[in-house]
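Take a look at the structure set out below.
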Number of protein chains: 2
Amino acid sequence: MSKDLCHCILLRKASRRVSSYYDEALAPLGVNIAQFSLLRNINRMAPVSLTDLAARVELDRSTVGRNAKVLERMGLVEIRPGKDQREATLLVSAPGKAILLEGAPLWDRAQADIETRLGADGAGRLRDLLAAL
Amino acid sequence: MSKDLCHCILLRKASRRVSSYYDEALAPLGVNIAQFSLLRNINRMAPVSLTDLAARVELDRSTVGRNAKVLERMGLVEIRPGKDQREATLLVSAPGKAILLEGAPLWDRAQADIETRLGADGAGRLRDLLAAL
DNA sequence: CGGAATCATGGGTATATACCCGCGAAATGA
DNA sequence: TCATTTCGCGGGTATATACCCATGATTCCG
């Protein structure tokens, strides 16, 4: 059988393609899908520590720290010390909330497009398969 | 509906998890799945230009160039000018071929593990769904 | 209370990835 | 042949991602 069918490589390719698709949809906002998703998660959990956020989004703590710093530079997120002086707590700024509102319909459209491309129950089946990995 | 089900984010997460799984499987060789896969592609197409290789693996030319340079530093790939003086042609070195041989069974096992986790026809369905994206 | 273990973050380093730009090489057409 | 266009690559810059280690804060015992 063809050796091109490495599940991992197929996943990585699909991930790049789909990310790029969402990125284009969100481009008018100046954020990519990774940033938009992180912003949403911060908003839901705010005020949240890096550690908790990292656990939620399944990324390394240091990765979340650096990604959050980018959002901070963009003015979308505020990073301030928590009661525990070790903690950096994150919250979405007013401009960040505006981005979330403006982005919602753009994200919805990309999401719907993908579902169309996957067919009626394709999206659900894909979700289940990915969850099994 | 839960807003956690962004197809893109689910794909990215799965891609990270699965990549990490293959990376661990290949760790004894000192290469990760991206490098191993690139090495395989270079081997199949050798001697190959960066542009052709990039088209094959669906990555940006500059990305392939940098990734290939890492493989070169590792001594697994040779980069030499082609007849066309603009071209850099890639080929797998002897140590690189050894890595391909040693890696094959490790890759096979990871691949089989994933198929087990996906179930009988899960792998096929996943492949089809990813191809639709 | 004070030393030890634990915990949160940050920074260093490295790869993966993409976009843009400039340079030198090659092809093309007048 | 020579100017123009096209082509292939490398480098700059930026984000995404992970691992390891240092540092400083907190907690936990003895």
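Order of the sequence lines sets the chain letters (A, B, ...), proteins ahead of strands, with each chain counted from 1. Everything numeric in this text was worked out from a predicted model, so none of it was measured.
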Heavy atoms within less than 4.0 Å of DNA chain C: which residues of residues 70-77 of chain B have one? Give them sorted by number.
B:V70, B:R73

Taking side-chain hydrogen bond (donor to acceptor under 3.5 Å, both in side chains) as the definition, give me every residue that meets it alongside A:R117, ordered by chain and number, with sequence neighbours left out.
none

Between A:I33 and A:L26, is the side chain to side chain contact (heavy atoms under 4.5 Å, CB included) condition met? List the steps.
CA-CA 7 Å; A:I33 182 60; A:L26 296 172; 4.0 Å; yes

Scan the side chains in residues 86-101 of chain A for donor-acceptor partners under 3.5 Å anywhere in the protein, sequence neighbours excluded, and list what turns up.
unit_1	atom_1	unit_2	atom_2	d
A:R86	NE	A:D84	OD1	3.1
A:R86	NE	A:D84	OD2	3.3
A:R86	NH2	A:D84	OD2	2.8
A:T89	OG1	A:R80	O	2.9
A:S93	OG	A:G75	O	2.6
A:S93	OG	A:L76	O	3.2
A:S93	OG	A:G96	N	3.2
A:K97	NZ	A:N43	OD1	3.0

Within residues 57-64 of chain A, those residues having any heavy atom closer than 4.0 Å to DNA chain C are A:R61, A:S62

State whether A:K69 places a side-chain N or O below 4.0 Å from either non-bridging phosphate oxygen (OP1 or OP2) of C:dT9.
no

Applying side chain to side chain contact (heavy atoms under 4.5 Å, CB included), can you list everything that pairs with A:D113, at least two apart in sequence or on another chain?
A:Y21, A:R109

Within the side chain of A:R16, is there an N or O that forms a donor-acceptor pair under 3.5 Å with the backbone of B:L59?
no

Residues from residues 45-53 of chain A lying under 4.0 Å of DNA chain C - heavy atoms
A:S49, A:L50, A:T51

With sequence neighbours excluded, tell me which residues meet side-chain hydrogen bond (donor to acceptor under 3.5 Å, both in side chains) with B:R61.
none

Taken to the nearest whole Å, CD/A:E87 to C1'/C:dT6 is 14 Å

Which pairs, with at least one residue in residues 22-32 of chain A and sequence neighbours excluded, count as a side-chain hydrogen bond (donor to acceptor under 3.5 Å, both in side chains)?
A:Y22-A:Q111

Can you name the residues that form a side-chain hydrogen bond (donor to acceptor under 3.5 Å, both in side chains) with B:Q85, not counting sequence neighbours?
none

May I ask you to decide if B:S15's main-chain N or O and B:S19's side chain share a donor-acceptor pair within less than 3.5 Å?
yes

Could you list where the contact with chain B starts and ends along DNA chain D, reading 5' to 3', using a 4.0 Å heavy-atom cut-off?
D:dC7 to D:dA18

If you assign B:R16 and A:R86 each to the DNA chain D nucleotide with the nearest heavy atom, which residue ends up on the more 5' nucleotide?
B:R16

Contacts of B:A34 and B:K83 projected onto DNA chain C by closest heavy atom; the upstream (5') one is B:A34

Under 3.5 Å donor-acceptor, B:R56 side chain and B:T51 backbone
no

Can you name the side chain to side chain contact (heavy atoms under 4.5 Å, CB included) partners of A:S37, sequence neighbours left out?
A:N41, B:I9

Pairs of donor and acceptor atoms involving the side chains of residues 62-72 of chain B, under 3.5 Å and at least two apart or interchain, shall be tabulated with distances.
unit_1	atom_1	unit_2	atom_2	d
B:S62	OG	B:D60	OD2	2.6

Audit row: A:L106, A:D108, side chain to side chain contact (heavy atoms under 4.5 Å, CB included) steps and yes/no
CA-CA 5 Å; A:L106 304 182; A:D108 286 343; over 6 Å; no

